[in-house]
Amino acid sequence: MGEFELIDIIRTRCVHARNDVALGIGDDAALLDAPAGRQLAVCTDTLVAGVHFPRDTAPDDIGWKSLAVNLSDLAAMGAEPAWAQLALTLPDADGGFVERFAGGFAELANAHGVALVGGDVTQGPLTVTVTALGLVPRGMALTRSGARLGDAVFVTGTLGDAAGALELLRHREAGTGDRPDAFPALLARLNRPAPRLAAGLALRGIASACIDVSDGLLADLGRLCNASGVGAEIAADALPVSPQLASSCDAGTCRMLALSGGDDYELCFTAPATRTVEIDALLADAGCAATRIGRIVTGASVHVQDARGNPIDTPRAGWEHFPR
Ligand code: ADP
Ligand code: MG
């Protein structure tokens, strides 16, 4: 099977039509009609087999996740997704793999009205790079840099589920521990993250700053704080943990996974504390509850406190590719 047959498989499975695609897959570049008065939000993320997902992850899950992690970035900007590009590096021309991969990719793309408008296919170790393009009314995008003293810190959904699944997979590989009943639910959070797009849209004009949690809450909230020139205090007991995770590990492990596990794809955002009730209502409508977990303070770092206000040690901040 050649490169063009593989592209054809992708093209026939990702057929979401948008009338703002003047020219899609097939020419040297795509032509897109960006509407007046809106800004393009553009982001790229790469997934490498064995680094970003276990090598034995199902092809359709890899397809879903490669788009999901990018849509999560658009969600964090308050942008509405529109188009995507897909650069696929494959060890060999495995049409069956590409079919299933494209199926998972298309499932999420269709759910959010995203048109795949181009990409590339190359040979090498399994690597997926997706570029997502979204639209946001001019000046309305959420950024990392707007957090202010006195703002409350919120996070959508629950934290630590995906990292909990990874832990259980590792235990299984090492031949230790059994699989709790909650394993399938946790694994679904790892393999099929649901980008919080509706929440991102709802937070436009309300959140002062926003970031998606991909590398762990501490790491990503730390980035938000850096960009805003502030610090944050987080109440460990307020961290939202799913019943599935709580039933799978002890409280200390849950807390560690929620703080620094990564792969959550929830939104962490700040807003004036006076808007908490309004935020609760908006996010309930958006289908994912938000939990108030702390507040913005002076300084430059993120501190975690227990119920008595005593500091909790947090050794691991989150995932980094080139740790020093
Ligand atoms: P070129 O050699 O001009 O870069 P290619 O032969 O790589 O063109 O690609 C042909 C067409 O197929 C282009 O429109 C490109 O965007 C599209 N394409 C290639 N790979 C993919 C892919 N993985 N997903 C979607 N479209 C793709
Ligand atoms: Mg090319």
Side-chain angles (χ1 to χ4, degrees), residues 1-35 38-75 77 79-135 191-195 197 214 265 321:
M1 189 165 285
E3 183 185 329
F4 296 101
E5 287 157 295
L6 295 175
I7 295 173
D8 238 26
I9 292 174
I10 295 169
R11 191 215 314 249
T12 50
R13 267 164 194 72
C14 302
V15 285
H16 191 87
R18 291 178 62 102
N19 53 19
D20 53 14
V21 179
L23 189 58
I25 294 173
D27 215 305
D28 289 315
L31 294 174
L32 309 171
D33 295 321
R38 298 218 256 165
Q39 290 178 301
L40 266 181
V42 184
C43 60
T44 297
D45 257 321
T46 294
L47 302 186
V48 180
V51 178
H52 298 93
F53 56 87
R55 287 180 194 281
D56 59 358
T57 304
D60 54 318
D61 288 339
I62 302 170
W64 172 290
K65 188 165 181 175
S66 67
L67 180 60
V69 300
N70 281 280
L71 297 189
S72 178
D73 282 323
L74 292 184
M77 299 297 291
E80 188 185 324
W83 310 295
Q85 297 246 105
L86 165 65
L88 196 51
T89 301
L90 300 166
D92 43 27
D94 180 346
F97 175 93
V98 170
E99 244 169 65
R100 285 179 289 155
F101 173 94
F105 186 100
E107 208 179 323
L108 184 63
N110 292 341
H112 293 289
V114 175
L116 180 65
V117 296
D120 202 14
V121 174
T122 51
Q123 188 184 15
L126 179 58
T127 304
V128 190
T129 298
V130 171
T131 298
L133 300 99
L135 298 164
N191 287 336
R192 295 235 169 188
L197 287 156
S214 53
Y265 303 104
H321 281 277

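Note that ligands are numbered from 1 as they come in the structure, with each ligand's atoms numbered from 1 the same way. Not measured: the values here are computed from a predicted model. In this chain, numbering begins with 1 at the start of the sequence shown.
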Atom indices of ligand 1, in the order listed, that fall short of 4.0 Å to a heavy atom of [X]:
X: Val121; answer: 20 (N), 23 (N)
X: Phe4; answer: 6 (O)
X: Asp27; answer: 13 (C), 14 (O)

Do any side-chain atoms of residues 84-92 form donor-acceptor pairs under 3.5 angstrom with protein atoms, and if so which ones, sequence neighbours left out?
unit_1: Gln85; atom_1: OE1; unit_2: Gly118; atom_2: N; d: 3.3
unit_1: Thr89; atom_1: OG1; unit_2: Thr122; atom_2: OG1; d: 2.8

Examine the proximity of ligand 1 to [X] and report which part, side chain or backbone, both or neither, has a heavy atom under 4.0 Å away.
X: Leu116; result: side chain
X: Ile7; result: side chain
X: Ile10; result: side chain

Item to complete: For Asp60 and Arg192, run salt bridge (Lys or Arg N to Asp or Glu O under 4.0 Å): C-alpha distance rounded to whole Å, both residues' side-chain angles, the deciding distance at 0.1 Å, then the answer.
Response: CA-CA 9 Å; Asp60 54 318; Arg192 295 235 169 188; 2.9 Å; yes

Worksheet entry | For atom 17 (C) of ligand 1, the option (of Ile25, Asp28, Leu6) bearing the nearest heavy atom | Ile25

Worksheet item: Hey, does the side chain of Asp61 reach the backbone of Asn191 with a donor-acceptor pair shorter than 3.5 angstrom?
Response: no

Practice prompt. Mark yes or no for whether Thr12, through its side chain, and Asp8, through its backbone, hold a donor-acceptor pair below 3.5 Å.
Written response: yes

Worksheet entry | Non-neighbouring partners of Glu5 that pass salt bridge (charged side-chain N to carboxylate O under 4.0 Å, His left out), sequence neighbours left out | none

Worksheet item: Is there any N or O on Gly24 that sits under 3.5 Å from an N or O of ligand 1?
Response: no

Discussion item. Quick check: Leu86 and ligand 1, any N/O pair under 3.5 Å apart?
Written reply: yes

Response to the item:
All heavy atoms of Gly113 vs all of Arg18, minimum pair found to be O-NH1, 2.7 Å

Worksheet entry | Stepwise side-chain contact (heavy atoms from CB on, under 4.5 Å) check, Leu40 with Leu32 | CA-CA 11 Å; Leu40 266 181; Leu32 309 171; over 6 Å; no

